[in-house]
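See below for the structure under consideration.
Per chain, numbering begins at 1; letters A, B, ... match sequence-line order. Both backbone and side-chain heavy atoms feed into the values below; hydrogens, waters and symmetry mates do not.
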Amino acid sequence: MKKIEAIIRKSKFDEVKEALHGVEVNFFSYWDVTGVGNEKEGHVYRGISYSTSEIQRRYLSIIVSEPFVEKTINAILSTAASGKVGDGKIFILPVEEAYRIRTGEKGNDSLN
Amino acid sequence: MKKIEAIIRKSKFDEVKEALHGVEVNFFSYWDVTGVGNEKEGHVYRGISYSTSEIQRRYLSIIVSEPFVEKTINAILSTAASGKVGDGKIFILPVEEAYRIRTGEKGNDSLN
Amino acid sequence: MKKIEAIIRKSKFDEVKEALHGVEVNFFSYWDVTGVGNEKEGHVYRGISYSTSEIQRRYLSIIVSEPFVEKTINAILSTAASGKVGDGKIFILPVEEAYRIRTGEKGNDSLN
Amino acid sequence: MMVCTALVFFMHLGFSFLEIGLTRQKNTINILFKNFFVITVGLLLYCIGGFNLMYPGFEDGDMGLLKFAGFGITAPEGGMGFGYADGGYTWWTDFLFQGMFAATAATIVSGAVAERIKLKGFMLFAVLYVGLIYPIVGAWKWGGGFLDAWGFYDFAGSTLVHSVGGWGALITIYLLGARIGKFDKDGKPKALPGHNLPIASAGVFILWLGWFGFNGGSVLSADPELTSLTLVTTSLAAAAGGVAATFFSNLLYKNYDLTMFMNGVLGGLVGITAGADQMSPTDAILIGLIAGVVVVLGIALIDKLKLDDPVGAVAVHLICGIWGTLAVGIFGAMAGFDQFLVQLIGVGIVGAFCVISSFIILTIVKATTGLRVDKEEELNGLDLSEHGMEAYADFRTNES
Amino acid sequence: MMVCTALVFFMHLGFSFLEIGLTRQKNTINILFKNFFVITVGLLLYCIGGFNLMYPGFEDGDMGLLKFAGFGITAPEGGMGFGYADGGYTWWTDFLFQGMFAATAATIVSGAVAERIKLKGFMLFAVLYVGLIYPIVGAWKWGGGFLDAWGFYDFAGSTLVHSVGGWGALITIYLLGARIGKFDKDGKPKALPGHNLPIASAGVFILWLGWFGFNGGSVLSADPELTSLTLVTTSLAAAAGGVAATFFSNLLYKNYDLTMFMNGVLGGLVGITAGADQMSPTDAILIGLIAGVVVVLGIALIDKLKLDDPVGAVAVHLICGIWGTLAVGIFGAMAGFDQFLVQLIGVGIVGAFCVISSFIILTIVKATTGLRVDKEEELNGLDLSEHGMEAYADFRTNES
Amino acid sequence: MMVCTALVFFMHLGFSFLEIGLTRQKNTINILFKNFFVITVGLLLYCIGGFNLMYPGFEDGDMGLLKFAGFGITAPEGGMGFGYADGGYTWWTDFLFQGMFAATAATIVSGAVAERIKLKGFMLFAVLYVGLIYPIVGAWKWGGGFLDAWGFYDFAGSTLVHSVGGWGALITIYLLGARIGKFDKDGKPKALPGHNLPIASAGVFILWLGWFGFNGGSVLSADPELTSLTLVTTSLAAAAGGVAATFFSNLLYKNYDLTMFMNGVLGGLVGITAGADQMSPTDAILIGLIAGVVVVLGIALIDKLKLDDPVGAVAVHLICGIWGTLAVGIFGAMAGFDQFLVQLIGVGIVGAFCVISSFIILTIVKATTGLRVDKEEELNGLDLSEHGMEAYADFRTNES
Ligand SMILES: Nc1ncnc2c1ncn2[C@@H]1O[C@H](COP(=O)(O)OP(=O)(O)O)[C@@H](O)[C@H]1O
Ligand SMILES: Nc1ncnc2c1ncn2[C@@H]1O[C@H](COP(=O)(O)OP(=O)(O)O)[C@@H](O)[C@H]1O
Ligand SMILES: Nc1ncnc2c1ncn2[C@@H]1O[C@H](COP(=O)(O)OP(=O)(O)O)[C@@H](O)[C@H]1O
């Protein structure tokens, strides 16, 4: 099992979600984070123009079993990219175990 | 050391928290996320009935030393379950090191 | 590659961020969480005085390549500490792979 | 007078804001819905009743019932809304002004029972309480009934509006029980903080503004001197109530509690309502100061009784309403022991009637629609479980 | 009358709140900006136009144009704002009252086109619509033009204000297209829930309050009887509209939808506007009840037509505006087949004119500033892309 | 007049909303608390002072003090609130209207010092400023003092209310220093965006509404022509101010800044306040346009001076207040070089007095309660550190 953490543009979320469903990844959790990165966003507030590298991003946390890892990554890579700086990142972390709270089952069975 | 990520129903949080305190797990962090899963929730907005699989969930991040892993999992499993679809998941990830910022100590000592 | 998760006081964030930039760690994501820990905060609401161990904290998620791990930890340790209970924790988790969504590159190259 | 009607109408936004702001976000839509329900249905009920009172058929029935109960209200226009149509304003204005008042009683209840009452149950309760109990009590005094004959004085409704609402609130929260999490296993009260204090504060400002209409309009004439005195006493009592509550609660609890400030202002306003036209500014300030202290103690008392009143409606409307009614016998132009006694009796009779009738109504409600939502629904919030909507769909929430 | 002007001014806050509350947080600043723009520029335009109408130079030009078009408006003061300056109020009050009205038409459009229109395009549209179309139509009736001569009746603007705004909204959303995500691939409507229902509810309360000024002030005299009757009919229609919409939508969709309650109240208010001074309370309630049902059906209809109207402006202002105008021929003192026919013709002519002129204006807009923001900007929200600011900078958001 | 009093009262909600909206969420409760404090304590102080002025004892003392200082105010009713009680309204109304005004001066300061002032220090400052400085200055003109004798004109308080507040704000923010994070190490200003722009916008709408009462009520008579002209000039100046500020700031900074729109509207309102009854509509528009530009430049100037004024109080109230006072000598019925000079002198004297007295008061404050919270408290927000509460307990926040 792997944990796939994807940090994407909020405006790409709907497309990414559909692509994930397309490869049978129907379970995940997400929340919004502030990303500090290369992209700069111009703001003006009361006459002060400033540009910030702190941008709202969406954080997806997807735990999948090994056979799904690649499909998932490809689904995200192909839909979340706009080609402009700031498209985000995908990270893969090892997961040792998973439980489904409802039934108590564990292992890959608990994932779907 | 392990990181225990638990995604639970918000309405179960108070019970889970007490159970965790019951097994001496007094330190953790949590935040609210949107979960995409099997459970569907019915909504109506301005005459449009729709059901969504995006549901607010609470995300608990608990880092514990090995001896606590099982107790923690059992505490969550026994309190967070309602038996209905959508009760959530628990994931176990490896943690290599931990530091307490206040003192700089590391290892298991830093955890409590 | 490692994932550095740091839970810090919100009031220390600006200093931490500058310290990170100081050691060339220019990329990370953060969000606010509720921390359950040793620190207690006194509140009063409509005549009910109560103290809570649930305190708002900021959660930093920083993925760095091995050579940066130590610098990053030191940068955080030296700026986030106030010496009072509740300064927070740093956790190090293994990361297996990283991708830059914009270009699809992977490995350490994708991190900066 | 028409302006006052508009201001009294606007109080319903004030109540809505106050109630929303002092409760948790997961029940926001439910509270708003109840408030819209109360003002619209209240007005319509009032219209139906008002009209019927003009035609013999219903009037006989209604009055007959009351006659049977022995309260000698015999004048054809003995009901609400027509009794004093001899001033410098029209019947229409009076109807609307009174109609806006009527709904207030149910709105007061709405705040106290928030976050756990079943929507259908509340709707049934509100219809019966606004449609029957409030006008019956009102007729006793403003309709020229027996309380009026005895010399009971209640200028703009400390008893007739606020206490009537407050008693209803008290009985309902008693039967309903506390919200989950309000008391811990040992019975110690816990804080369930309101989710939007700016909105709640705005509610208080709007209510204060509305009180200019409430008390100002109750002069029921364009006499500028009396009306303006009324506005001065109203404002001073509000100011004094707020200040007293803040500093008294600061003394007790060692913090500057904004919600106590708000409740103190409201307590002062409710306290002055019964005698706003009888008091000098100094009297008004005294009444307000005492009301402010009373509110703080009242809120603590409610907690001690293991009752759960999220917005402080009982302390503000019932306790300060009683205080204000009695104050007419203590301060101002009408003060005197006899008057005090009459006020006390009036408070007692109205209280007894409201308590009994609330019990009866709530028993009916319990038997038919049910009174309280089930545990799961309450934990998830009434917005999702009763309305299937979220009040702040775009915001990440945080509550426990 | 001056109070009414203040209340009508305050309606602009009501509209702003309603529109904000029913849309997503990422477009909040944009909507607020549009509302500020409409009220300020509307007033200034009105001032420029009003003054010019007083001096022969411009007046000749303007009237000549209209004369040329064959609508026999010949009186020198045939324009807006001066035509009925014979009552018990001053020219200045009248100017301001009318000026506050004028901006309303554009505000109605603002809500419907929210979340996707280009700011510059909207500003251009608003200037032309408020500066030209609204006063031309207004002159036909309130300025003593041909509709007035035919006996067309529109007390406070069901047609002249609300339908004019509503037609503009309809045409603009038709040309603009739906928001991304409003319809799925199969054309089924999806919900894009509003982000702040307390604010939206406050908007409805404020609008209701403002309607006291809107309808009350349109009596244009201090006749207390008529004014107060107007307030009663206005309030009862609002209450009836809200109740009807709620229970009718509960019947259809099996939930208690707060936003339907709100739209129902507004529908009732718009519905009564044309004949507020001609109706008995019972008539008003009937008009309101029907308006409530009409709003619910109207909203469903708009969805079915694949049009996207986030706040329900077309259902509330256009459809209920038409209903209200026709209702003058069906209910109340003026009812009669002839009157109904005149009303129908009036609705038709105004509709045709607004549709055509909107098309022309929007074609100009499209050719110059452009009408719709591009996809990326829309997804990121207009607040960031057009203003570079966030409405709630300190809150963690959640929208999809 | 009573309606105007209600509207002026309501301005306090407007100020609260504006100040909250333009600051960060972690200081919201603190700001609300200060606003409640100012209005309630302000009213009570006013009442105490007002009454004392009616009894020889205090009056002699007070006037003696002032006599000693050499400002020949000798009339027994020389203080505020009684001087012009010869119009068509009652003493009570006048008291309340003036009392609502009085608190405004401290409210203006409240906004500028937000997010870092110590609560106790502010309370002490407000008591002294509202209780002493404001009435002393007011007596010079409205109380029939020497400024009045010289022919200084200030219709509704551009100088007597707004500048008095503005000077206090300027001195306090100078002594207080900027918020942490407002200027970077190189002294370049950074943005600390307001957390709730809908609420801030509502504040502006409410203030505009309140200004109808502020300026309309200051006519202090029921002369409908003058009152209505005043409302027209007030509204046009507001509109012009908003439009000018928006487009001027768009020119400078290339974006459509909603907060500049809001400040521009307020600048226009403050600017017209001194001469609202003396101006033609065209004059009003010109005054407003200039005020709009002045506000934008003023805000930039404050930043350049390394002062930190989160809500723009100095630019709006002080700078536009001065501009409005001087404008009486430039535009309208009273224009003329002599008048301009008198206006200038009046501005100068009031300014000097406010600056000096603010310095003295703040020195006392610093020595007793302390002026500024410590660093930790400021970073954590005053809501937690001074009140132990959160304004939006259920929402996940985001600020930096
Ligand atoms: N090492 C990292 N750890 C955590 N988050 C990161 C890291 N690098 C980038 N991110 C996230 O990804 C977002 C996009 O990265 P950015 O550098 O702006 O664009 P790009 O990947 O196109 O060069 C950032 O805003 C941040 O949220
Ligand atoms: N593979 C996953 N990765 C991340 N989060 C998941 C995953 N599977 C489930 N979740 C989270 O758990 C929640 C409950 O899962 P769901 O499938 O609805 O119920 P159940 O576990 O009872 O079958 C989801 O809403 C989602 O937040
Ligand atoms: N084991 C843990 N897992 C996750 N978060 C933790 C853990 N321990 C501490 N934290 C986070 O760190 C914060 C500070 O810890 P606390 O125990 O209060 O202070 P200290 O580290 O100074 O003893 C907590 O509020 C919580 O958010």
Side-chain angles (χ1 to χ4, degrees), chain A residues 1-8 10 13-34 56-66 68-69 72 75-76 79 91-112, chain B residues 1-13 15-16 19 29-40 52-64 66 69-96:
Chain A
M1 273 174 292
K2 299 289 173 209
K3 181 184 190 194
I4 300 175
E5 297 188 349
I7 302 159
I8 63 170
K10 290 173 72 169
F13 177 72
D14 279 334
E15 285 174 57
V16 170
K17 190 174 80 176
E18 270 177 44
L20 289 173
H21 287 339
V23 295
E24 307 284 294
V25 174
N26 293 316
F27 309 100
F28 59 93
S29 307
Y30 67 86
W31 59 95
D32 285 357
V33 306
T34 307
Q56 291 239 20
R57 295 264 172 266
R58 185 150 286 175
Y59 206 99
L60 276 59
S61 161
I62 318 172
I63 281 80
V64 293
S65 57
E66 263 73 13
F68 280 86
V69 174
T72 307
I76 298 172
T79 46
F91 303 117
I92 317 296
L93 283 80
V95 174
E96 300 186 348
E97 192 53 275
Y99 297 80
R100 183 191 300 278
I101 291 176
R102 171 161 49 100
T103 56
E105 24 178 358
K106 55 183 198 167
N108 284 345
D109 288 353
S110 72
L111 288 182
N112 41 55
Chain B
M1 273 174 292
K2 300 290 172 207
K3 181 185 191 194
I4 299 175
E5 297 188 348
I7 303 159
I8 63 170
R9 291 181 191 279
K10 290 173 71 169
S11 58
K12 291 288 183 187
F13 177 72
E15 286 173 56
V16 171
S29 307
Y30 66 87
W31 59 95
D32 286 356
V33 306
T34 307
V36 180
N38 280 320
E39 196 191 5
K40 299 253 182 288
T52 172
S53 61
E54 312 209 347
I55 296 174
Q56 292 240 20
R57 294 267 172 267
R58 185 150 288 175
Y59 205 99
L60 277 59
S61 163
I62 318 171
I63 280 80
V64 293
E66 263 73 12
V69 175
E70 224 184 289
K71 298 191 234 180
T72 307
I73 293 172
N74 288 334
I76 299 172
L77 282 179
S78 61
T79 46
S82 74
K84 277 175 279 174
V85 167
D87 279 347
K89 298 283 194 300
I90 304 175
F91 304 117
I92 318 296
L93 284 80
V95 173
E96 300 184 349

Step-by-step side chain to side chain contact (heavy atoms under 4.5 Å, CB included) determination, B:F91 to A:S61: CA-CA 11 Å; B:F91 304 117; A:S61 161; 5.9 Å; no
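- In this structure, B:L77 and A:I101 approach most closely via the heavy-atom pair CD2-CA, 3.7 Å.
- A:I63 has its side chain out of reach of B:K89: every pair of non-hydrogen atoms, C-beta onward, lies at least 4.5 Å apart.
- Of all heavy-atom pairs between A:F27 and B:G37, the closest is CD2-CA, 3.5 Å.
- Contacts between B:I73 and chain A at a heavy-atom distance below 4.5 Å involve the side chain alone, from C-beta outward.
- Nearest heavy atoms, A:P94 versus B:P94: O-CD, 3.4 Å.
- Expressed to the nearest 0.5 Å, how far CG of B:N38 lies from CZ of A:R102 amounts to 6.5 Å.
- The two atoms that bring B:V36 and A:H21 nearest to each other are CG1-CE1, 4.0 Å, heavy atoms only.
- Of all the listed residues (A:K106, A:M1, A:R100), the one sharing the greatest number of non-hydrogen pairs under 4.5 Å with chain B is A:R100.
- Contact of A:K3 with chain B is made through the side chain alone, with heavy-atom distances under 4.5 Å.
- The structure places OH of B:Y59 at 4.5 Å from CH2 of A:W31, a figure rounded to the nearest 0.5 Å.
- More than 12 heavy atoms of other shown residues, nucleotides or ligands fall within 6.0 angstrom of atom CD in A:E96.
- For A:L111, the parts lying near chain B are the backbone and the side chain together; criterion is any non-hydrogen pair under 4.5 Å.
- Counting heavy-atom pairs closer than 4.5 Å to chain B, the top residue among A:L20, A:T103, A:L93, A:V95 is A:V95.
- Taken to the nearest 0.5 Å, the OH atom of A:Y99 stands 7.5 Å off from the CG atom of B:N74.
- Within the 4.5 angstrom heavy-atom criterion, only side-chain atoms of B:K2, from C-beta onward, approach chain A.
- With rounding to the nearest 0.5 angstrom, the OG atom of A:S29 is 10.5 Å from the CD atom of B:E54.
- The candidate with the highest count of non-hydrogen atom pairs below 4.5 Å against chain A, out of B:I4, B:D87, B:T34, is B:T34.
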